[in-house]
**Q** 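Below is a structure I'd like to ask you about.
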Amino acid sequence: MPLRVYNTLSRQKEDFQTVEPGKVSMYLCGPTVYKPAHIGHMVGPVIFDTIKRYLTYSGYKVTWVVNITDVDDKLINRANERKMTVEALAQEMTQDYFDNLKTMAVAIGADGIDHTPYATQHIQEMQDIIATLIEKGFAYPLSGDVYFNCTKDEDYGKLSGRSLTDMLAGTRIETHGGKQHPADFALWKGSKPGEPAWPSPWGPGRPGWHIECSAMAKKILGDSIDIHGGGLDLMFPHHENELAQSESCTGKPFARYWMHNGLMQASGAPGKVGGGHDKHGDKPADLTAVKEAQEANKLAGSKGAASVKELFAKHDPETIRFFLLATHYRSPIDFSDERIAETGKSLEGFYRLFETYERAAGQSFYTLKPATIRGNNPALSEEGDALVTELSTLRQRYLDSMDDDFNTGGAVGVLFDLRKTLNAFIGDHKLDTAAADKSKLPALTAGMTLLKELASILGVFREAKAKAASADDGLLDGLMQLVIQIRADARKNKNFAVADLIRNKLNELKVTLEDRTDQTLWRRG
RNA sequence: GGCUCCGUAGCCAAGUGGCUAAGGCAACGGAUUGCAAAUCCGUCAUCGUCGGUUCGACUCCGACCGGAGCCUCCA
């Protein structure tokens, strides 16, 4: 089955064909760095990181760009509030963003985001595009600003499915004095005193919001890119305008596939995590009230939108990543601590399996070296155990899911099936006991290696978790072994009252004991 | 008002014009265990409502109900 990708432009899944065979250029709209990232900001990067991993696994050479918007009204206002420069604020928040990406297993570099261009470092490229647009008649200067002329762009609105007449009918667009059409948007904004400004042929000013992406995508990836991504909220006006100005400038298709991820929603609180939410539409007369309500909501802050760093204090980042990938990327995700905790529970079985495997095989799951390229997996093509056949089937199901518009939710389901299969195999052959049928170990390792392969594509189970108690010098485990020994003696003497007392008291201390046939294991939680 | 999208079991969630509608969490029954834990096996849905198209629809079309997003420089 060929890879198929849902394209917002056509509103359907299309066979994936790149501009250049074997290569994929990918541009994801990054954050405006004016405040700490919240969970919603992680959705796009995690999904596109997974997409890059899968495309790479499928044999493509992928170049991925995520831009940093480091000049904008919100930055200016925020910097003023905090009495710091826009540069300093941007630097601080960019670092926060990068730190969070790293924690979420999204790398900066060849294994992840290849380029992170900054808007302020591409002013010249933006001005070049603006100049070209003016020259071609797609844009016009107006008292220090420059506007894109939407009516000159024949297919304006094709991405979001809007027409200029619809937009007029909506009357939601405030007409700025002098603009030729209400939908015309700023390419260049003349600066007010005290604002960041760059010299330009149209006077000192700063770029409009959309132009930076056009400029940076063009510079780094070329006139036509393969995939352009971002949150669903960016489809209009941001991506629509970006597309319009880019194609008007170059005369070439800007992006083959537009991919939009669904937004994170705080559970119980309608609306997206990051901002206010208001219903409107029925009462256009109530504009003022609506606006006031919006402001109030903005001040109230982001309900349910703890910063990512606060979230990491409560939940394992791997759990959060898994949580994000368990749902299809185009669906909205309902976010709550309960949901993530539930995901955490569902992952425990994997960690147990890894421990079991280590006991059985004498090597860590994390040291297994899985195939990194799709193709026939030699370990699975050998005639052998019935397990091997089953593994091949599961692997194919996984690939079919991912080929279908990166259906990570379906792929996650296969991971759980694989877990069950391997646990059953271990049980059938008593592989975690002294009575193990050692001849079955290679088949088990093949299965575990496959699990590693499939999980790696999702960016999970790649590395062992850092030991929580790094300060512990082994005392804790020593004490536990002592307690376990004492309890084992009690059990041997059928003194179950003592044995159960020990176990119950340990439970109260959040320590779980597991009596296996030949030993007793303990773990926290 | 305009433009999109969604509605699958107690909860989360994948998927399909026709064989048994993935998987997870929870619950229940069983195997295992001294009892537990962990693991395995099993039980648990006719797919918002009403029409239409079709030999046949949960899957296509329409209406309605319910929910979400955008039209406001939020990823």
Side-chain angles (χ1 to χ4, degrees), chain A residues 8 11 28-32 37-45 69 72-74 157 160-163 165-174 183 185-186 189 208-210 229-238 241 260-265 270-278 280-284 290-291 294 298 302 323 326-328 330-334 338-339 341-343 345-349 352-353 355-356 397 401 404 407-417 419-420 423-424 426-428 432 491 494 496 499-500 503-504 507 512-517 520-521 523:
Chain A
T8 304
R11 313 265 168 201
L28 175 69
C29 284
T32 300
H38 63 254
I39 179 69
H41 293 113
M42 296 293 112
V43 177
T69 300
D72 144 290
D73 289 341
K74 291 195 294 284
S160 57
R162 287 154 214 266
S163 69
T165 37
D166 285 345
M167 296 174 62
L168 278 177
T171 68
R172 305 274 323 164
I173 301 165
E174 318 247 336
F185 56 90
K189 299 164 118 167
W209 178 32
H210 320 297
L232 199 53
D233 53 341
L234 293 184
M235 187 169 83
F236 187 90
H238 182 55
N241 292 348
H260 290 100
N261 60 269
L263 303 177
M264 183 69 66
Q265 292 168 205
K272 64 192 135 177
V273 152
H277 171 76
D278 293 286
H280 62 79
D282 301 329
K283 306 174 195 164
V290 167
K291 276 190 174 168
Q294 284 164 10
K298 276 178 186 163
S302 317
F323 168 77
T327 303
H328 191 94
R330 278 189 279 119
S331 304
I333 308 179
D334 221 17
E338 292 72 25
R339 286 285 146 66
E342 188 183 305
T343 301
K345 274 187 191 171
S346 74
L347 289 184
E348 279 176 24
R352 301 269 158 65
L353 173 59
E355 291 161 10
T356 304
R397 264 180 57 206
S401 282
D404 183 11
N407 181 0
T408 54
V412 161
V414 175
L415 250 40
F416 282 104
D417 279 340
R419 176 178 86 183
K420 187 179 287 188
N423 270 324
I426 289 169
D428 287 348
D432 60 338
R491 291 178 69 212
K494 308 270 186 213
F496 296 122
D500 291 349
R503 189 172 61 198
N504 292 338
N507 277 344
T512 304
L513 290 187
E514 198 176 312
D515 292 327
R516 308 188 65 83
T517 53
T520 294
L521 303 176
R523 65 169 174 274

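Numbers restart at 1 for each chain; the letters A, B, ... are given by sequence-line order, proteins then strands. Bear in mind that the values here come from a model prediction, so they are computed numbers and not experimental data.
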**Q** Determine the Euclidean distance between corresponding C1' atoms of B:A13 and B:U72; express it in Å to zero decimal places.
**A**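 My reading of the C1' atoms in B:U72 and B:A13 gives 33 Å.
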
**Q** Could you check which of B:A75, B:A13, B:C71 has an atom nearest any side-chain atom of A:D233?
**A**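 Closest nucleotide to the A:D233 side chain: B:A75.
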
**Q** In the structure I gave you, are the side-chain heavy atoms of A:F236 and A:H238 within less than 4.5 Å of one another anywhere?
**A** no

**Q** Can you find a side chain N or O atom of A:N407 that sits less than 4.0 Å from OP1 or OP2 on B:G15?
**A**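 Indeed, a polar side-chain atom of A:N407 lies that close.
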
**Q** Mapping A:F496 and A:H41 onto RNA chain B by nearest heavy atom, which one lands closer to the 5' end?
**A** A:F496

**Q** For a quick check, tell me whether the side chain of A:E342 and the base of B:G24 share a donor-acceptor pair closer than 3.5 Å.
**A** yes

**Q** Pick the P atom in B:C50 and in B:U43, then give their distance to the nearest Å.
**A** 29 Å

**Q** Reckon A:R352 touches a base, only the sugar-phosphate, or nothing at all at heavy-atom distances under 4.0 Å?
**A**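 Sugar-phosphate contact only.
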
**Q** Would you name the heavy atoms of A:T408 and A:T327 that are closest together and state the gap between them?
**A** OG1-O, 3.6 Å

**Q** Using a 4.5 Å cut-off on heavy atoms from C-beta on, say whether the side chain of A:L232 contacts that of A:T8.
**A**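 The answer is no; the side chains never approach within 4.5 Å.
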
**Q** With heavy atoms under 4.0 Å as the rule, sort A:G208 into base, sugar-phosphate or nothing.
**A**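 Result for A:G208 = nothing.
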
**Q** For A:L234 and B:U72, give me the distance from atom CG to atom P, rounded to whole Å.
**A** 14 Å

**Q** Is the shortest side-chain heavy-atom distance between A:M42 and A:M264 below 4.5 Å?
**A** no

**Q** Starting at atom CG of A:D428, determine the distance to atom C1' of B:U32, rounded to an integer number of angstrom.
**A** 13 Å

**Q** Is there a Watson-Crick or G-U wobble partner for B:G1 with both distances under 3.5 Å, and which nucleotide is it?
**A** B:C71

**Q** Using a 3.5 Å distance criterion without hydrogens, assess whether the side chain of A:N407 forms a donor-acceptor pair with backbone atoms of A:G410.
**A** yes

**Q** What's the closest nucleotide to the side chain of A:A424 if the choices are B:G34, B:C40, B:C25?
**A**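 Closest nucleotide among those given: B:C40.
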
**Q** Give me the distance, rounded to whole Å, that separates B:U20 from B:G15 when you measure between the C1' atoms they each carry.
**A** 15 Å

**Q** Between B:A36, B:A75, B:A14, which nucleotide gets closest to the side-chain atoms of A:T32?
**A**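 Selected nucleotide (nearest to the side chain): B:A75.
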
**Q** Just name whichever nucleotide pairs with B:U46, Watson-Crick or G-U, keeping both distances under 3.5 Å, else none.
**A**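 Here B:U46 is not engaged in any pair, so there is no nucleotide opposite it.
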
**Q** Does A:T520 form a side chain to side chain contact (heavy atoms under 4.5 Å, CB included) with A:R491? I'd like the steps, not just the answer.
**A** CA-CA 11 Å; A:T520 294; A:R491 291 178 69 212; 4.0 Å; yes

**Q** Considering only B:A37, B:G34, B:C3, which nucleotide approaches the side chain of A:R491 most closely?
**A** B:G34

**Q** Just checking A:K420: base, sugar-phosphate only, or nothing, at a heavy-atom cut-off of under 4.0 Å?
**A**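 Sugar-phosphate, no base atom in range.
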
**Q** Among B:C12, B:C40, B:U4, find the nucleotide with the atom closest to the side chain of A:R11.
**A**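 Comparing B:C12, B:C40, B:U4 against the side chain of A:R11, the answer is B:U4.
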
**Q** From C-beta outward on A:N423, which listed nucleotide comes closest to its side chain: B:C40, B:C35, B:A38?
**A**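 Out of B:C40, B:C35, B:A38, the nucleotide with an atom closest to A:N423's side chain is B:C40.
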
**Q** I need the NZ-C1' distance between A:K345 and B:C12, as an integer number of Å.
**A** 13 Å

**Q** Within the 4.5 Å heavy-atom criterion, are A:I333 and A:R339 side-chain neighbours or not?
**A** no

**Q** So what's B:C40 paired with, Watson-Crick or G-U wobble, going by both distances under 3.5 Å?
**A**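 Answer to the pairing question: B:G30, which forms a Watson-Crick or G-U pair with B:C40.
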
**Q** Does A:D500 get its side chain close enough to the base of B:G34, under 3.5 Å, for a donor-acceptor pair?
**A** yes

**Q** Classify the nucleic acid contact of A:P332 as base, sugar-phosphate or nothing, counting any heavy atom under 4.0 Å across all strands shown.
**A** nothing

**Q** Would you mind reading off the distance between A:H210 atom NE2 and B:C71 atom C1', rounded to a whole angstrom?
**A** 13 Å

**Q** What interatomic distance, in whole Å, is found between C1' of B:A31 and the corresponding atom of B:A68?
**A** 46 Å

**Q** Can you check whether any acceptor in the base of B:A36 is under 3.5 Å from a donor in the side chain of A:R503, or vice versa?
**A** yes

**Q** Quote, to the nearest angstrom, the P distance that separates B:G66 from B:U49.
**A**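 Between the two P atoms, the distance is 15 Å.
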
**Q** Of all the heavy-atom pairs spanning A:P237 and A:W209, show the shortest one and how long it is.
**A** CG-CZ3, 4.4 Å

**Q** If you pin A:S160 and A:R523 to their nearest nucleotides in RNA chain B, which one's is more 5'?
**A** A:S160

**Q** For A:Q265 and A:P332, which heavy atoms make the closest approach, and how far apart are they?
**A** OE1-CB, 3.4 Å

**Q** What integer number of Å spans the C1' atoms of B:A21 and B:A14?
**A**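 The answer is 10 Å between these two C1' atoms.
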
**Q** Protein-nucleotides 19-22 of chain B N/O pairs closer than 3.5 Å?
**A**
residue : atom : partner : partner atom : Å
B:A22   : O2'  : A:R397  : NH2          : 3.2

**Q** Among B:A36, B:G24, B:A68, which nucleotide has an atom closest to any side-chain atom of A:Q265?
**A**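 Nucleotide nearest to A:Q265's side chain: B:A68.
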
**Q** Answer yes or no: is there an ion pair linking A:K420 with A:D417, defined by an N-O contact shorter than 4.0 Å?
**A**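 No, this pair does not count.
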
**Q** Using the C1' atom on both, measure B:A22 against B:C58 and round to a whole Å.
**A** 15 Å

**Q** CG of A:L232 versus C1' of B:U4: gap in Å, rounded?
**A** 8 Å

**Q** Is A:S163 near enough to B:G2 that one of its side-chain N or O atoms lies under 4.0 angstrom from OP1 or OP2?
**A** no

**Q** With heavy atoms under 4.0 Å as the rule, sort A:G427 into base, sugar-phosphate or nothing.
**A** nothing

**Q** Checking all strands, does A:G229 fall into the base, sugar-phosphate, or nothing category for heavy-atom contacts under 4.0 angstrom?
**A**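 The residue A:G229 makes no contact with any strand.
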
**Q** Which heavy atom in A:D334 sits nearest to a heavy atom in A:F323, and how many Å separate them?
**A** O-CZ, 3.5 Å

**Q** Take the protein atom CD1 of A:I333 and the nucleotide atom C1' of B:C5, then report the distance between them rounded to whole Å.
**A** 15 Å

**Q** Distance check needed: B:G10 P versus A:E338 CD, whole Å only.
**A**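 The distance from CD of A:E338 to P of B:G10 comes to 20 Å, rounded to the nearest Å.
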
**Q** According to the 5.5 Å centroid and 30° plane-angle thresholds, does A:F416 stack upon the nucleobase of B:G24?
**A**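 No.
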
**Q** Measure the distance from CE on A:M264 to C1' on B:C12 and round it to the nearest whole Å.
**A**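 Distance, rounded to whole Å: 14 Å.
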
**Q** If I pick the P atom on B:A38 and the same atom on B:C28, what distance separates them, to the nearest angstrom?
**A** 14 Å

**Q** For B:G7, what is the paired nucleotide under Watson-Crick or G-U wobble rules, both distances under 3.5 Å?
**A**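 With both distances under 3.5 Å, B:G7 matches B:C65.
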
